[in-house]
> 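Pasting in a structure now, in structure tokens, and then I'll have a few things to ask.
Just so we're on the same page: letters track the sequence lines, and every chain starts at 1.
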Amino acid sequence: MVDSAAAATTVRARLAAKARANPSVVLGGVCLLLVLVTGFIEPEYLSLNGARSSLLQAAPLGILAGAQTILMLTGGIDLSVTMIATGSAYVAASQSSHGAAVAILMGVAVGLVVGAANGVGVAVFRVNPLIMTLAMSGIMLGTFTAWTQSILRGSTVVAPFIKELAAGSFLGNRLPYSVVVWAAISLILIWLLRRTGWGRLLYAVGDNETAVRLAGVRTWQVRIAAYIAAGILGSIAGILLAGRTGAVDLQLANAFLLPSVAAAVIGGTSIFGGVGGYTGTILGALILSVLNSMLTFLNVGQDIQQLVYGTIVLALAWGYAGLANRE
Amino acid sequence: MNRPSPLLTISGVAKAYGSVVALKAVDMTVRRHEIHALLGANGAGKSTLVRILAGVHPADRGTLEVEGKTANFRTPVEAMRGGMATVFQDPALIRDLTIAQNLRLSQTDPATFAQWLDEFDLGSLDRDRMVRDLPLDILRLVDLARALALNPKILLLDEITAALTADQAEKLFELLDRLKSDGCSVVLITHRLAEVMRICDTATILRDGRNVAELEVGGITQQELVHAMLGSPVDLAPDTPAGTTAPTPADAETVFAVEELASGEAVRQVSFAVRRGEVLGLVALEGQGQERVFDILCGERRPSSGRILVDGSPCRFLSPADAVRQGVVLIPGDRLQALLPSLPVYQNLVVTLITRIRQWLGLPADERARAANAIDSLSIDTRAAAQVRRLSGGNQQKVAIGRWLVSGFRTLLCFDPTRGIDIQTKGEIYALLRKLAADGAAVLLYTSELAEIPLVCDRVLVMHNGLIVDEQVAAQATEASLLTAAHGLV
């Protein structure tokens, strides 16, 4: 065992170096710590049920944060992603009479079209991503508010298959299907970001678009594809959310917008582009979900909850920045 | 000789920007009733000296004296109070304000301003026009009138005539003559030696951050001025294969050519052809349209007229991607434009391999081998390979070149690839360019270092004022012959 102060310092220095080399370990540690604290507050939480409920919460958030991660790597962002989620859920619900497959495809089509429009605005017409997606969010809210009175006046209840997919579990009610969906998406995203040319270009465009353009890449294609991918992820998250609640309304995914950005930032993806990855984002989404459970169990007012939530998010983001800067 | 008393005395002025030494030690005296030319090649330190005199940057060492009193200006306002008025190379006006608003901002007296502007028949210029809507020559004159309205003791003019028409320049010269007799002195920076001969009394020549000569203009010729600017030849890279390669056969096929390229005022008419295996040099003073030519050739900008031919067939480059697909690739003058600073060397090198959508869902099988080859043949130091931003300038430049070695190319456009690079790396880059040419590439090399031309190039073109004014055999080109042509004296 280490006794002397000098040895302790070396250990600390070595730990710090390890932490810098592998920030995921630090995030995992933070996550575990939060789980234990939550378990201390509410012992019931440290059970399969507790884990299941946190994962159920984390799945849609993690998928939405995946959309933000892809875009933030290019130096972009999508403020319309929760509106895409809501819109997709609406369309999927209204098509539920045609069967789950059609409903899901129609829902995903919303993300594809809106994502493409965002991408064209940002990459071709050079609209600032914040403005483009904020405006798109407003346009969609208006459109869907109007359509719920006319075109989409059908069902607001989703098909049973979607409900099962979003809220159901298997293996003796232990593993939720939506977590399986999230896991599959995670694998695809990690593969895309690490092992494909497109993934590489996302980082490169975010780091220095001019250098990528002069290399002969049509950078607008990379950006549009990124916004389309983000739109599709938004749709999937929206459909899962709708399945979980069983019915849709225009506030469905609203509360997830800022957490989706926060999860990516906590996970170490820079909003200025070029730096980050999805593994960190997964941990970021888990941390935020556990934090949410913890605050619910704390049994304090909404005001205190928000205060604690904000403080911890700030501390995590700041801590990560400190870690990255010392490098 | 009965010379007037000194008005401005500069002694031992030095200035470094980070590790780049712009001025080593400059002494210069501007007398009363004098138009004093400040001459020197690109990078000699002229603009730095102007910035110091205008109070934009303080000098690191040395002193300024105006009328015998120490005047080490720390801010532009101090310089103005000290009697300096400056017209910078780029108009110092705010583009999104009107002329009147700009005048108010600089607290210029509108009446005096109007009086000076009227000297150029611009008295009726609408003061409510936005600065961004005005042509460059008017802007320079507005800047000049504003400077004159300060009623300065010394007027600094940095390359003012470059943007003026011939008759505006004529009016300016008459005006400067009158100012001189009224007791105001003028420091004039220009690349046009004819102007120096015509209106200047004295010329101070800067070279490599030092003043190397002060000449009485009355008694010398333009050739003598050029000679003084050149001085003794600088040390050249030791291990370059100067003259070791056989000249390109005249019957080698033309890979890349442009015909009557034009773009606005900057490029008036440029035609040339680069053959397989040839390094074609391009030489020009600052701002003669060479940047614009390269922008057009690499697809960043479209020409207003003219054609680009690759292997004899005309091509339209709407973006760099089009040029790259024709094998025409650029090493930009600002190497930051070719680097992904926070990514590793490896990713920087292989980014040129994934330019098409069909390459998006996978990675090229041979990319490791290709990258390793490039690192080897350029001997890139990979000790700090995790982030390109941490590499030295020379190594960064190698990465900027290396990414094209990875993908392959047929025509290489190099814009000043050795700027700010140590002499050993320079030598390596010369050798590499020769080797690439020997392997069958066509290379177009713009350089601001004239000594490189005979070392690297087969032929050299000289550009002046948007035109190709001369072509020389590189082996016989000297700094004197190139500089003479670059001043349009052919």
> Relative to chain B, which of A:Gly274, A:Gly206, A:Ala211 shows the most heavy atom pairs under 4.5 Å?
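Winner by heavy-atom pair count: A:Ala211.
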> Which one, A:Val275, A:Val222, A:Thr219, leads in non-hydrogen pairs under 4.5 Å with chain B?
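Of A:Val275, A:Val222, A:Thr219, A:Val222 has the most heavy-atom pairs under 4.5 Å with chain B.
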> Please step through side chain to side chain contact (heavy atoms under 4.5 Å, CB included) for the pair A:Thr279 and A:Arg194, ending with a clear verdict.
CA-CA 11 Å; A:Thr279 350; A:Arg194 290 196 188 163; 3.1 Å; yes
> Closer than 4.0 angstrom, basic N to acidic O: yes or no for A:Arg213 and B:Glu300?
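Yes, A:Arg213 and B:Glu300 are salt-bridged.
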> Which region of B:Gln347, side chain (C-beta onward) or backbone (N, CA, C, O), has a non-hydrogen atom less than 4.5 Å from a non-hydrogen atom of chain A, or is it both or neither?
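It is the side chain, since no backbone atom gets that close.
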> Looking at every heavy atom in both B:Leu340 and A:Asp207, which two are closest together, and how far apart are they?
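Heavy atoms only, the tightest pair is C-OD2, 2.9 Å.
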> Using 30° and 60° as the class boundaries, would you call the ring planes of B:Phe272 and B:Phe256 parallel, tilted or perpendicular?
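Ring orientation of B:Phe272 relative to B:Phe256: tilted.
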> Could you walk me through whether A:Leu240 and A:Trp182 pass the side chain to side chain contact (heavy atoms under 4.5 Å, CB included) test, one step at a time?
CA-CA 10 Å; A:Leu240 287 181; A:Trp182 182 28; over 6 Å; no
> Quick one: what part of B:Leu336 sits under 4.5 Å from any heavy atom of chain A, side chain, backbone, both or neither?
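When you check distances to chain A, only backbone atoms of B:Leu336 fall under 4.5 Å.
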> Between A:Tyr227 and A:Leu71 (side chain of the first, backbone of the second, donor and acceptor by atom type, cut-off under 3.5 Å), is there such a pair?
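Checking the backbone N and O of A:Leu71 against the side chain of A:Tyr227, no donor-acceptor pair under 3.5 Å is found.
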> Do A:Ser80 and A:Asp78 have a side chain donor and acceptor closer than 3.5 Å?
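Their side chains do contain a donor-acceptor pair, which is all the 3.5 Å distance test asks for.
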> Using the ring of each side chain (for Trp, its six-membered ring), is B:Trp360 parallel, tilted or perpendicular to A:Trp198, with breaks at 30° and 60°?
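The rings of B:Trp360 and A:Trp198 sit tilted, inter-plane angle from 30° to 60°.
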> Quick check: under 4.5 Å, non-hydrogen atoms only, which of residues 318-334 of chain B neighbour chain A?
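Within residues 318-334 of chain B, near chain A: B:Ser319, B:Pro320, B:Ala321, B:Asp322, B:Val324, B:Arg325, B:Leu330, B:Pro332.
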> Who wins among B:Arg403, B:Gln359, B:Arg356 for the most heavy-atom pairs under 4.5 Å with chain A?
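The answer is B:Arg403.
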